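Everything below concerns the one structure shown next.
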Amino acid sequence: MFGYVRPSLARLTEEERRQYNALYCGLCHLLGQRYGPACRMILNFDFTFLAALLSGPVSCRKKRCISSPLRGKPAAEPNGALETAADCSVLLTYYKLLDEVGDSSFPKRQGCRSAAAALRPAFRKAAALRPELDRHIRRQLQDLGELERQRCPELDKPADAFACLLQGIAEEAGDPVQRRVLSHLLYHLGRWIYLVDALDDRKKDAKTGNYNPILLRFSLKDGTLTEEARRRVVASLDGSIRQMAAAFELWDFGMWNPVIQATVYEGLYCVGSAVLEGTFHAGSRRKPSSGKKEQI
Amino acid sequence: MTDPYKILNIPSTASDEEVKKAYRALARKYHPDNYHNNPLADLAQEKMKEINEAYDTIQKQRAAERSGGSGAYAGAGSSYSGYSGSGYGSAGSSAFYQVRAAIQNNNLNLAENLLDNISTRNGEWYFLRGSIYYRRGWIDQAISCFETACQLSPGNPEYASALERAQSSGQAYRPEGYEVFTSDCGNNLCGRIACAYCLCNLCMGGGMIGFC
(Lines give C-alpha, C1' and ligand atoms only; values in the text may rest on other atoms or scores of the structure.)
Protein backbone atom coordinates (compact mmCIF):
# COMPACT_ATOMS: atom_id res chain seq x y z
CA MET A 1 0.00 0.00 0.00
CA PHE A 2 2.21 2.83 1.19
CA GLY A 3 5.20 1.78 3.26
CA TYR A 4 5.26 4.75 5.61
CA VAL A 5 4.59 2.96 8.88
CA ARG A 6 7.89 1.85 10.40
CA PRO A 7 9.26 1.37 13.87
CA SER A 8 12.42 3.22 14.72
CA LEU A 9 14.82 0.29 14.54
CA ALA A 10 17.34 2.00 16.79
CA ARG A 11 14.84 1.59 19.64
CA LEU A 12 14.57 -2.17 19.28
CA THR A 13 16.85 -4.78 20.80
CA GLU A 14 18.35 -7.41 18.53
CA GLU A 15 15.75 -9.93 19.64
CA GLU A 16 12.89 -7.50 18.99
CA ARG A 17 14.21 -6.77 15.52
CA ARG A 18 14.41 -10.48 14.83
CA GLN A 19 10.78 -10.84 15.85
CA TYR A 20 9.75 -7.95 13.64
CA ASN A 21 11.67 -9.41 10.70
CA ALA A 22 10.08 -12.79 11.36
CA LEU A 23 6.65 -11.17 11.27
CA TYR A 24 7.49 -9.56 7.92
CA CYS A 25 8.76 -12.88 6.57
CA GLY A 26 5.77 -14.77 7.97
CA LEU A 27 3.36 -12.41 6.23
CA CYS A 28 5.33 -12.79 3.01
CA HIS A 29 5.19 -16.60 3.18
CA LEU A 30 1.50 -16.51 4.01
CA LEU A 31 0.77 -14.28 1.00
CA GLY A 32 2.62 -16.79 -1.14
CA GLN A 33 0.78 -19.78 0.30
CA ARG A 34 -2.65 -18.23 0.22
CA TYR A 35 -2.51 -16.25 -2.99
CA GLY A 36 0.40 -17.56 -5.06
CA PRO A 37 4.04 -16.50 -5.21
CA ALA A 38 3.45 -13.33 -7.25
CA CYS A 39 1.38 -11.89 -4.39
CA ARG A 40 4.41 -11.78 -2.15
CA MET A 41 5.39 -8.68 -4.11
CA ILE A 42 2.66 -6.57 -2.54
CA LEU A 43 4.01 -6.87 0.99
CA ASN A 44 5.21 -3.77 2.78
CA PHE A 45 5.87 -2.32 6.25
CA ASP A 46 2.34 -0.98 6.72
CA PHE A 47 0.79 -4.41 6.51
CA THR A 48 3.47 -5.78 8.83
CA PHE A 49 2.50 -3.15 11.39
CA LEU A 50 -1.13 -4.11 10.95
CA ALA A 51 -0.19 -7.72 11.65
CA ALA A 52 1.66 -6.61 14.80
CA LEU A 53 -1.41 -4.70 16.02
CA LEU A 54 -3.77 -7.60 15.46
CA SER A 55 -1.45 -10.42 16.37
CA GLY A 56 -1.00 -12.04 19.74
CA PRO A 57 2.07 -14.15 20.39
CA VAL A 58 3.41 -16.00 17.35
CA SER A 59 5.82 -18.88 17.05
CA CYS A 60 8.60 -18.83 14.48
CA ARG A 61 10.07 -21.49 12.23
CA LYS A 62 12.95 -21.23 9.79
CA LYS A 63 11.76 -21.09 6.21
CA ARG A 64 13.62 -20.75 2.94
CA CYS A 65 12.76 -18.13 0.36
CA ILE A 66 14.27 -16.29 -2.62
CA SER A 67 16.16 -13.81 -0.49
CA SER A 68 17.56 -16.58 1.70
CA PRO A 69 17.40 -19.75 -0.42
CA LEU A 70 19.86 -21.92 1.44
CA ARG A 71 19.94 -21.12 5.12
CA GLY A 72 16.38 -19.89 5.48
CA LYS A 73 15.18 -17.26 7.94
CA PRO A 74 12.82 -17.37 10.91
CA ALA A 75 9.28 -16.61 9.85
CA ALA A 76 6.15 -16.23 11.97
CA GLU A 77 3.74 -19.14 11.69
CA PRO A 78 0.38 -18.16 10.21
CA ASN A 79 -2.38 -17.17 12.63
CA GLY A 80 -5.69 -15.34 12.36
CA ALA A 81 -4.08 -11.90 12.56
CA LEU A 82 -1.57 -12.64 9.82
CA GLU A 83 -4.40 -13.96 7.66
CA THR A 84 -6.37 -10.76 8.21
CA ALA A 85 -3.32 -8.65 7.37
CA ALA A 86 -2.69 -10.73 4.23
CA ASP A 87 -6.31 -10.47 3.05
CA CYS A 88 -6.34 -6.72 3.67
CA SER A 89 -3.10 -6.35 1.73
CA VAL A 90 -4.60 -8.03 -1.30
CA LEU A 91 -7.88 -6.10 -1.18
CA LEU A 92 -6.27 -2.71 -0.65
CA THR A 93 -3.52 -3.20 -3.23
CA TYR A 94 -6.00 -4.34 -5.85
CA TYR A 95 -8.32 -1.36 -5.35
CA LYS A 96 -5.35 0.99 -5.36
CA LEU A 97 -4.19 -0.40 -8.70
CA LEU A 98 -7.66 0.00 -10.18
CA ASP A 99 -7.70 3.59 -8.98
CA GLU A 100 -4.33 4.24 -10.57
CA VAL A 101 -5.50 2.89 -13.89
CA GLY A 102 -8.09 5.66 -13.73
CA ASP A 103 -5.79 8.61 -13.29
CA SER A 104 -2.23 7.90 -14.37
CA SER A 105 -0.35 8.84 -17.46
CA PHE A 106 -0.30 6.36 -20.37
CA PRO A 107 2.75 4.11 -19.79
CA LYS A 108 2.04 3.83 -16.10
CA ARG A 109 -1.60 3.14 -16.72
CA GLN A 110 -0.64 0.10 -18.75
CA GLY A 111 1.60 -1.13 -15.96
CA CYS A 112 -1.13 -0.77 -13.38
CA ARG A 113 -3.63 -2.46 -15.65
CA SER A 114 -1.51 -5.55 -16.08
CA ALA A 115 -0.62 -5.60 -12.38
CA ALA A 116 -4.31 -5.41 -11.50
CA ALA A 117 -5.05 -8.21 -13.96
CA ALA A 118 -2.32 -10.34 -12.37
CA LEU A 119 -3.76 -9.70 -8.93
CA ARG A 120 -7.37 -10.38 -9.92
CA PRO A 121 -7.55 -14.09 -8.97
CA ALA A 122 -6.06 -13.27 -5.56
CA PHE A 123 -8.49 -10.39 -5.15
CA ARG A 124 -11.46 -12.64 -5.96
CA LYS A 125 -10.32 -15.14 -3.38
CA ALA A 126 -9.79 -12.47 -0.70
CA ALA A 127 -13.16 -10.86 -1.43
CA ALA A 128 -14.87 -14.26 -1.16
CA LEU A 129 -13.09 -14.97 2.13
CA ARG A 130 -14.00 -11.59 3.64
CA PRO A 131 -17.10 -10.30 1.91
CA GLU A 132 -17.92 -7.81 4.65
CA LEU A 133 -14.47 -6.32 4.75
CA ASP A 134 -14.49 -6.08 0.95
CA ARG A 135 -17.84 -4.27 0.99
CA HIS A 136 -16.61 -1.94 3.72
CA ILE A 137 -13.40 -1.08 1.84
CA ARG A 138 -15.30 -0.52 -1.39
CA ARG A 139 -17.83 1.76 0.31
CA GLN A 140 -15.13 3.89 1.95
CA LEU A 141 -13.16 4.15 -1.29
CA GLN A 142 -16.32 5.21 -3.09
CA ASP A 143 -16.83 7.98 -0.53
CA LEU A 144 -13.23 9.01 -0.96
CA GLY A 145 -13.53 8.98 -4.74
CA GLU A 146 -16.62 11.18 -4.50
CA LEU A 147 -14.76 13.74 -2.37
CA GLU A 148 -11.88 13.67 -4.85
CA ARG A 149 -14.22 14.32 -7.74
CA GLN A 150 -15.73 17.25 -5.86
CA ARG A 151 -12.16 18.41 -5.18
CA CYS A 152 -12.96 18.76 -1.48
CA PRO A 153 -10.71 21.53 -0.10
CA GLU A 154 -10.47 20.07 3.41
CA LEU A 155 -8.00 17.81 5.17
CA ASP A 156 -10.29 16.09 7.64
CA LYS A 157 -13.08 14.92 5.37
CA PRO A 158 -11.11 12.86 2.83
CA ALA A 159 -8.74 11.69 5.59
CA ASP A 160 -11.83 10.51 7.50
CA ALA A 161 -12.92 8.31 4.59
CA PHE A 162 -9.58 6.53 4.54
CA ALA A 163 -9.34 6.48 8.35
CA CYS A 164 -12.74 4.76 8.58
CA LEU A 165 -11.54 2.23 6.03
CA LEU A 166 -8.71 1.09 8.31
CA GLN A 167 -10.89 1.44 11.39
CA GLY A 168 -13.17 -1.26 9.99
CA ILE A 169 -10.40 -3.83 10.43
CA ALA A 170 -10.77 -3.44 14.22
CA GLU A 171 -14.00 -5.42 13.95
CA GLU A 172 -11.82 -8.53 13.66
CA ALA A 173 -10.82 -8.19 17.33
CA GLY A 174 -12.63 -10.41 19.81
CA ASP A 175 -12.33 -8.53 23.08
CA PRO A 176 -14.54 -5.41 23.37
CA VAL A 177 -11.84 -3.26 25.01
CA GLN A 178 -9.30 -4.40 22.44
CA ARG A 179 -11.79 -3.52 19.71
CA ARG A 180 -12.28 0.01 21.05
CA VAL A 181 -8.54 0.57 21.41
CA LEU A 182 -7.81 -0.80 17.94
CA SER A 183 -10.66 1.15 16.43
CA HIS A 184 -9.23 4.43 17.70
CA LEU A 185 -5.66 3.49 16.85
CA LEU A 186 -6.51 2.35 13.33
CA TYR A 187 -8.64 5.43 12.67
CA HIS A 188 -5.72 7.71 13.41
CA LEU A 189 -3.28 5.41 11.63
CA GLY A 190 -5.42 5.68 8.49
CA ARG A 191 -5.73 9.41 8.91
CA TRP A 192 -2.00 9.80 9.34
CA ILE A 193 -1.20 7.58 6.34
CA TYR A 194 -3.61 9.51 4.13
CA LEU A 195 -2.23 12.90 5.16
CA VAL A 196 1.44 11.94 5.03
CA ASP A 197 0.84 10.47 1.58
CA ALA A 198 -0.80 13.70 0.40
CA LEU A 199 2.13 15.62 1.87
CA ASP A 200 4.55 13.33 0.07
CA ASP A 201 2.79 13.82 -3.27
CA ARG A 202 2.30 17.59 -3.01
CA LYS A 203 4.92 18.58 -5.59
CA LYS A 204 3.95 15.88 -8.07
CA ASP A 205 0.23 16.55 -7.77
CA ALA A 206 0.82 20.28 -8.21
CA LYS A 207 2.36 19.44 -11.60
CA THR A 208 -0.15 16.85 -12.77
CA GLY A 209 -3.23 18.51 -11.30
CA ASN A 210 -4.25 15.33 -9.47
CA TYR A 211 -6.43 15.78 -6.43
CA ASN A 212 -4.46 16.65 -3.32
CA PRO A 213 -6.27 17.93 -0.21
CA ILE A 214 -3.23 19.80 1.12
CA LEU A 215 -2.80 21.82 -2.07
CA LEU A 216 -6.49 22.74 -2.12
CA ARG A 217 -6.84 23.38 1.60
CA PHE A 218 -4.04 25.96 1.64
CA SER A 219 -4.32 27.11 -2.01
CA LEU A 220 -0.76 26.11 -2.82
CA LYS A 221 0.26 26.56 -6.43
CA ASP A 222 3.52 24.65 -6.82
CA GLY A 223 3.42 22.42 -3.76
CA THR A 224 5.70 24.61 -1.64
CA LEU A 225 4.26 24.82 1.86
CA THR A 226 3.66 28.21 3.43
CA GLU A 227 4.58 28.63 7.09
CA GLU A 228 0.89 28.42 8.05
CA ALA A 229 0.28 25.33 5.92
CA ARG A 230 3.30 23.62 7.38
CA ARG A 231 2.19 24.38 10.93
CA ARG A 232 -1.33 23.11 10.33
CA VAL A 233 -0.28 19.93 8.53
CA VAL A 234 2.23 19.12 11.25
CA ALA A 235 -0.43 19.70 13.93
CA SER A 236 -2.71 17.24 12.16
CA LEU A 237 0.02 14.63 11.74
CA ASP A 238 1.37 14.93 15.28
CA GLY A 239 -2.13 15.04 16.72
CA SER A 240 -2.99 11.73 15.11
CA ILE A 241 0.26 10.12 16.23
CA ARG A 242 -0.48 11.23 19.79
CA GLN A 243 -3.93 9.71 19.59
CA MET A 244 -2.39 6.45 18.39
CA ALA A 245 0.08 6.46 21.29
CA ALA A 246 -2.68 7.23 23.81
CA ALA A 247 -4.73 4.30 22.48
CA PHE A 248 -1.69 2.00 22.40
CA GLU A 249 -1.14 2.48 26.15
CA LEU A 250 -4.60 1.12 26.94
CA TRP A 251 -4.09 -2.40 25.65
CA ASP A 252 -1.37 -4.97 26.20
CA PHE A 253 -0.03 -5.95 22.78
CA GLY A 254 2.26 -8.54 24.37
CA MET A 255 5.41 -9.37 22.42
CA TRP A 256 4.63 -6.61 19.91
CA ASN A 257 4.65 -3.80 22.49
CA PRO A 258 8.25 -2.73 21.70
CA VAL A 259 7.62 -2.61 17.93
CA ILE A 260 4.44 -0.58 18.33
CA GLN A 261 6.05 1.71 20.88
CA ALA A 262 9.03 2.35 18.60
CA THR A 263 6.54 3.20 15.84
CA VAL A 264 4.09 5.48 17.62
CA TYR A 265 6.63 7.35 19.73
CA GLU A 266 9.36 7.79 17.11
CA GLY A 267 9.15 5.97 13.78
CA LEU A 268 6.09 7.86 12.53
CA TYR A 269 7.51 11.23 13.58
CA CYS A 270 10.72 10.48 11.70
CA VAL A 271 8.93 9.37 8.54
CA GLY A 272 6.66 12.43 8.74
CA SER A 273 9.66 14.68 9.16
CA ALA A 274 11.48 13.11 6.21
CA VAL A 275 8.37 13.49 4.05
CA LEU A 276 8.05 17.12 5.14
CA GLU A 277 11.67 17.81 4.22
CA GLY A 278 11.43 15.80 1.00
CA THR A 279 14.09 13.31 2.07
CA PHE A 280 11.86 10.30 2.68
CA HIS A 281 12.55 8.50 -0.58
CA ALA A 282 16.29 8.76 -0.13
CA GLY A 283 15.98 6.49 2.88
CA SER A 284 13.93 3.80 1.20
CA ARG A 285 14.45 1.66 -1.81
CA ARG A 286 11.58 3.32 -3.60
CA LYS A 287 12.85 5.41 -6.43
CA PRO A 288 11.78 9.05 -6.27
CA SER A 289 11.43 9.07 -10.04
CA SER A 290 8.88 6.27 -10.15
CA GLY A 291 6.15 8.89 -10.20
CA LYS A 292 3.99 6.87 -7.91
CA LYS A 293 0.44 8.02 -7.34
CA GLU A 294 -0.61 6.63 -4.03
CA GLN A 295 -3.86 8.20 -3.16
CA ILE A 296 -6.30 5.37 -3.24
CA MET B 1 -7.39 -7.98 44.22
CA THR B 2 -4.56 -8.30 41.73
CA ASP B 3 -1.04 -8.01 43.12
CA PRO B 4 -0.41 -4.26 43.46
CA TYR B 5 3.25 -4.72 42.60
CA LYS B 6 2.29 -6.37 39.35
CA ILE B 7 0.09 -3.41 38.46
CA LEU B 8 2.98 -1.02 39.03
CA ASN B 9 5.24 -3.47 37.19
CA ILE B 10 7.86 -3.70 39.95
CA PRO B 11 9.10 -6.55 42.20
CA SER B 12 7.74 -6.63 45.75
CA THR B 13 11.30 -6.03 46.92
CA ALA B 14 11.36 -2.56 45.33
CA SER B 15 12.45 0.27 47.59
CA ASP B 16 10.00 3.01 48.60
CA GLU B 17 11.74 5.30 46.16
CA GLU B 18 11.33 2.79 43.30
CA VAL B 19 7.67 2.32 44.13
CA LYS B 20 7.12 6.05 43.98
CA LYS B 21 9.03 6.35 40.72
CA ALA B 22 7.07 3.54 39.05
CA TYR B 23 3.82 5.04 40.27
CA ARG B 24 4.70 8.52 38.98
CA ALA B 25 5.70 7.21 35.56
CA LEU B 26 2.39 5.35 35.17
CA ALA B 27 0.38 8.27 36.53
CA ARG B 28 2.04 10.50 33.96
CA LYS B 29 1.12 8.07 31.19
CA TYR B 30 -2.56 7.82 32.10
CA HIS B 31 -2.94 11.41 33.24
CA PRO B 32 -6.24 13.03 32.21
CA ASP B 33 -4.34 15.58 30.14
CA ASN B 34 -3.30 12.83 27.73
CA TYR B 35 -6.89 11.70 27.27
CA HIS B 36 -8.61 15.04 27.17
CA ASN B 37 -11.46 14.96 24.67
CA ASN B 38 -10.54 11.38 23.86
CA PRO B 39 -13.29 8.76 23.43
CA LEU B 40 -11.07 6.29 25.31
CA ALA B 41 -10.81 8.53 28.39
CA ASP B 42 -12.93 6.12 30.45
CA LEU B 43 -10.42 3.31 29.86
CA ALA B 44 -7.56 5.57 30.92
CA GLN B 45 -9.53 6.58 33.99
CA GLU B 46 -9.93 2.92 34.96
CA LYS B 47 -6.19 2.41 34.56
CA MET B 48 -5.55 5.44 36.72
CA LYS B 49 -7.86 4.11 39.41
CA GLU B 50 -6.10 0.75 39.36
CA ILE B 51 -2.70 2.41 39.70
CA ASN B 52 -3.87 4.68 42.53
CA GLU B 53 -5.34 1.74 44.40
CA ALA B 54 -2.20 -0.32 43.92
CA TYR B 55 -0.03 2.52 45.17
CA ASP B 56 -2.24 3.17 48.18
CA THR B 57 -2.30 -0.53 49.05
CA ILE B 58 1.48 -0.74 48.96
CA GLN B 59 1.78 2.40 51.09
CA LYS B 60 -0.65 0.98 53.63
CA GLN B 61 1.07 -2.38 53.75
CA ARG B 62 4.45 -0.79 54.26
CA ALA B 63 3.25 1.65 56.89
CA ALA B 64 1.68 -1.23 58.78
CA GLU B 65 4.90 -3.25 58.54
CA ARG B 66 6.93 -0.35 59.82
CA SER B 67 4.76 0.18 62.88
CA GLY B 68 4.65 -3.50 63.70
CA GLY B 69 1.34 -4.28 62.12
CA SER B 70 -0.83 -1.99 64.22
CA GLY B 71 -0.09 1.43 62.83
CA ALA B 72 -2.82 3.28 61.03
CA TYR B 73 -2.02 4.48 57.53
CA ALA B 74 -1.61 8.20 57.46
CA GLY B 75 -1.96 8.49 53.69
CA ALA B 76 0.83 9.19 51.29
CA GLY B 77 -1.18 11.95 49.76
CA SER B 78 0.39 11.79 46.38
CA SER B 79 -2.20 9.87 44.41
CA TYR B 80 -3.69 11.84 41.60
CA SER B 81 -7.43 12.17 41.59
CA GLY B 82 -7.43 13.81 38.21
CA TYR B 83 -10.31 12.65 36.15
CA SER B 84 -13.29 13.97 38.07
CA GLY B 85 -12.32 17.55 37.34
CA SER B 86 -11.40 17.07 33.71
CA GLY B 87 -13.55 18.25 30.87
CA TYR B 88 -16.52 20.47 30.96
CA GLY B 89 -16.90 22.37 34.18
CA SER B 90 -18.39 25.77 33.53
CA ALA B 91 -22.08 25.60 32.92
CA GLY B 92 -23.09 28.75 31.07
CA SER B 93 -26.53 28.74 29.50
CA SER B 94 -28.46 25.52 29.77
CA ALA B 95 -28.49 24.89 26.01
CA PHE B 96 -24.70 24.95 25.94
CA TYR B 97 -24.68 22.87 29.10
CA GLN B 98 -26.63 20.13 27.32
CA VAL B 99 -24.13 20.13 24.48
CA ARG B 100 -21.30 19.78 26.98
CA ALA B 101 -23.07 16.87 28.66
CA ALA B 102 -23.64 15.15 25.29
CA ILE B 103 -19.96 15.54 24.38
CA GLN B 104 -18.96 14.22 27.79
CA ASN B 105 -21.13 11.14 27.18
CA ASN B 106 -19.54 10.65 23.79
CA ASN B 107 -22.86 11.23 22.06
CA LEU B 108 -21.38 13.39 19.33
CA ASN B 109 -24.32 13.28 16.92
CA LEU B 110 -26.67 14.55 19.62
CA ALA B 111 -24.16 17.25 20.59
CA GLU B 112 -23.91 18.31 16.97
CA ASN B 113 -27.69 18.53 16.56
CA LEU B 114 -28.12 20.51 19.76
CA LEU B 115 -25.36 22.87 18.72
CA ASP B 116 -26.85 23.43 15.27
CA ASN B 117 -30.05 24.62 16.94
CA ILE B 118 -28.29 27.31 18.93
CA SER B 119 -28.25 30.55 17.00
CA THR B 120 -25.78 32.41 19.24
CA ARG B 121 -22.43 31.96 17.51
CA ASN B 122 -20.18 33.07 20.35
CA GLY B 123 -16.86 31.79 21.68
CA GLU B 124 -18.59 28.98 23.56
CA TRP B 125 -20.33 27.81 20.38
CA TYR B 126 -17.09 27.59 18.44
CA PHE B 127 -15.32 25.97 21.38
CA LEU B 128 -17.95 23.22 21.57
CA ARG B 129 -17.97 22.79 17.79
CA GLY B 130 -14.18 22.39 17.95
CA SER B 131 -14.48 19.90 20.80
CA ILE B 132 -16.81 17.74 18.73
CA TYR B 133 -14.41 17.85 15.79
CA TYR B 134 -11.50 17.06 18.05
CA ARG B 135 -13.21 14.01 19.53
CA ARG B 136 -13.90 12.76 16.05
CA GLY B 137 -10.23 13.17 15.22
CA TRP B 138 -10.86 16.06 12.78
CA ILE B 139 -7.93 18.01 14.12
CA ASP B 140 -7.63 20.61 11.35
CA GLN B 141 -11.24 21.77 11.67
CA ALA B 142 -10.96 21.64 15.47
CA ILE B 143 -8.01 24.04 15.38
CA SER B 144 -9.94 26.47 13.16
CA CYS B 145 -12.90 26.44 15.57
CA PHE B 146 -10.72 26.84 18.66
CA GLU B 147 -8.95 29.76 17.00
CA THR B 148 -12.27 31.47 16.35
CA ALA B 149 -13.35 30.77 19.94
CA CYS B 150 -10.16 32.39 21.23
CA GLN B 151 -10.65 35.40 18.98
CA LEU B 152 -14.25 35.87 20.16
CA SER B 153 -13.41 35.33 23.84
CA PRO B 154 -9.80 36.37 24.31
CA GLY B 155 -8.48 35.44 27.72
CA ASN B 156 -10.71 32.41 28.22
CA PRO B 157 -8.28 29.85 29.64
CA GLU B 158 -10.40 26.84 28.67
CA TYR B 159 -10.50 27.81 24.99
CA ALA B 160 -6.82 28.73 24.98
CA SER B 161 -5.75 25.39 26.43
CA ALA B 162 -8.00 23.51 23.98
CA LEU B 163 -6.29 25.33 21.12
CA GLU B 164 -2.86 24.63 22.53
CA ARG B 165 -3.70 20.96 22.91
CA ALA B 166 -5.05 20.65 19.38
CA GLN B 167 -1.95 22.33 17.97
CA SER B 168 0.11 19.66 19.73
CA SER B 169 2.15 22.36 21.35
CA GLY B 170 1.27 21.11 24.82
CA GLN B 171 3.22 18.49 26.68
CA ALA B 172 1.99 15.01 25.89
CA TYR B 173 3.25 11.84 27.48
CA ARG B 174 6.30 10.17 25.95
CA PRO B 175 8.36 7.40 27.44
CA GLU B 176 11.65 8.64 28.78
CA GLY B 177 14.16 9.45 26.05
CA TYR B 178 11.65 9.83 23.21
CA GLU B 179 11.51 13.41 21.98
CA VAL B 180 11.26 13.51 18.21
CA PHE B 181 8.53 15.60 16.56
CA THR B 182 7.53 15.83 12.92
CA SER B 183 8.47 19.48 12.76
CA ASP B 184 11.81 19.41 14.51
CA CYS B 185 13.13 15.92 14.02
CA GLY B 186 16.91 16.25 14.20
CA ASN B 187 18.49 15.40 10.87
CA ASN B 188 21.19 13.23 12.30
CA LEU B 189 18.68 11.15 14.22
CA CYS B 190 16.43 10.60 11.24
CA GLY B 191 19.47 9.92 9.10
CA ARG B 192 20.46 7.20 11.49
CA ILE B 193 17.05 5.61 11.20
CA ALA B 194 17.01 5.82 7.43
CA CYS B 195 20.39 4.09 7.30
CA ALA B 196 19.19 1.33 9.55
CA TYR B 197 16.43 0.75 7.03
CA CYS B 198 18.80 0.56 4.09
CA LEU B 199 20.48 -2.37 5.80
CA CYS B 200 17.22 -3.83 6.86
CA ASN B 201 15.78 -3.71 3.38
CA LEU B 202 18.65 -5.77 2.07
CA CYS B 203 17.92 -8.63 4.39
CA MET B 204 14.17 -8.28 4.18
CA GLY B 205 13.91 -8.39 0.43
CA GLY B 206 13.09 -4.70 0.39
CA GLY B 207 13.37 -4.60 -3.38
CA MET B 208 9.84 -5.87 -3.48
CA ILE B 209 8.56 -2.87 -1.61
CA GLY B 210 8.88 -0.53 -4.53
CA PHE B 211 6.53 -2.60 -6.62
CA CYS B 212 4.22 -0.85 -9.08
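A note on names: the letters A, B, ... follow the listed sequences, proteins ahead of strands, and every chain is numbered from 1. Side chains are part of it too, since the values below use all heavy atoms of this structure and drop only hydrogens, waters and symmetry mates. Just so we're clear, the structure is a prediction, and the values are computed from it rather than from any experiment.
Between A/Arg232 and B/Asp140 the shortest heavy-atom distance is NH2-O, 2.8 Å. Minimum heavy-atom separation, B/Asn38 to A/Ala246: ND2-CB, 4.0 Å. The two residues A/His188 and B/Gly137 have their closest heavy-atom pair at CE1-CA, 3.6 Å. When every heavy atom of A/Ala247 is checked against every heavy atom of B/Leu40, the shortest pair comes out as CB-CD1, 3.7 Å.
Looking at A/Arg180, its side chain does come within 3.5 Å of a backbone N or O of B/Pro39 through a donor-acceptor pair. A/Asp156 places a side-chain N or O within 3.5 Å of a backbone atom of B/Gln141 that can act as its donor or acceptor partner.
In the displayed structure, A/Arg64 atom CZ is contacted under 6.0 Å by at most 12 heavy atoms of other residues, nucleotides or ligands. Within 6.0 Å of NZ on B/Lys49 lie no more than 12 heavy atoms contributed by other residues, nucleotides or ligands. Atom CD of A/Glu227 has 12 or fewer heavy atoms from other residues, nucleotides or ligands within 6.0 Å. For B/Lys47, the NZ atom is densely surrounded, since the number of other residues' heavy atoms within 6.0 Å is greater than 12.
Applying the side chain to side chain contact (heavy atoms under 4.5 Å, CB included) rule to B/Asp16 yields the partners B/Arg62, B/Arg66; only residues at least two apart in sequence or on another chain are considered. With sequence neighbours excluded, no residue forms a ring-ring contact (aromatic ring centres under 6.0 Å, His included) with A/Phe49.
B/Asn34 is not listed as a side-chain neighbour of A/Glu249, based on a closest heavy-atom distance of 4.5 Å or more. Put simply, the side chain of B/Arg136 does not reach to within 4.5 Å of the side chain of A/Tyr187, judged on heavy atoms.
Note that CG of A/Leu250 and CD of B/Gln45 are 12.0 Å apart. Values are rounded to the nearest 0.5 Å. To the nearest 0.5 Å, atoms CD (A/Gln261) and OH (B/Tyr178) are separated by 4.5 Å.
Relative orientation of the B/Tyr173 and A/Tyr265 rings is perpendicular, given thresholds of 30° and 60° on the angle between their planes.
In this structure, chain B has heavy atoms under 4.5 Å from both the backbone and the side chain of A/Val181. Heavy atoms closer than 4.5 Å to chain A are found nowhere in B/Tyr133, neither backbone nor side chain.
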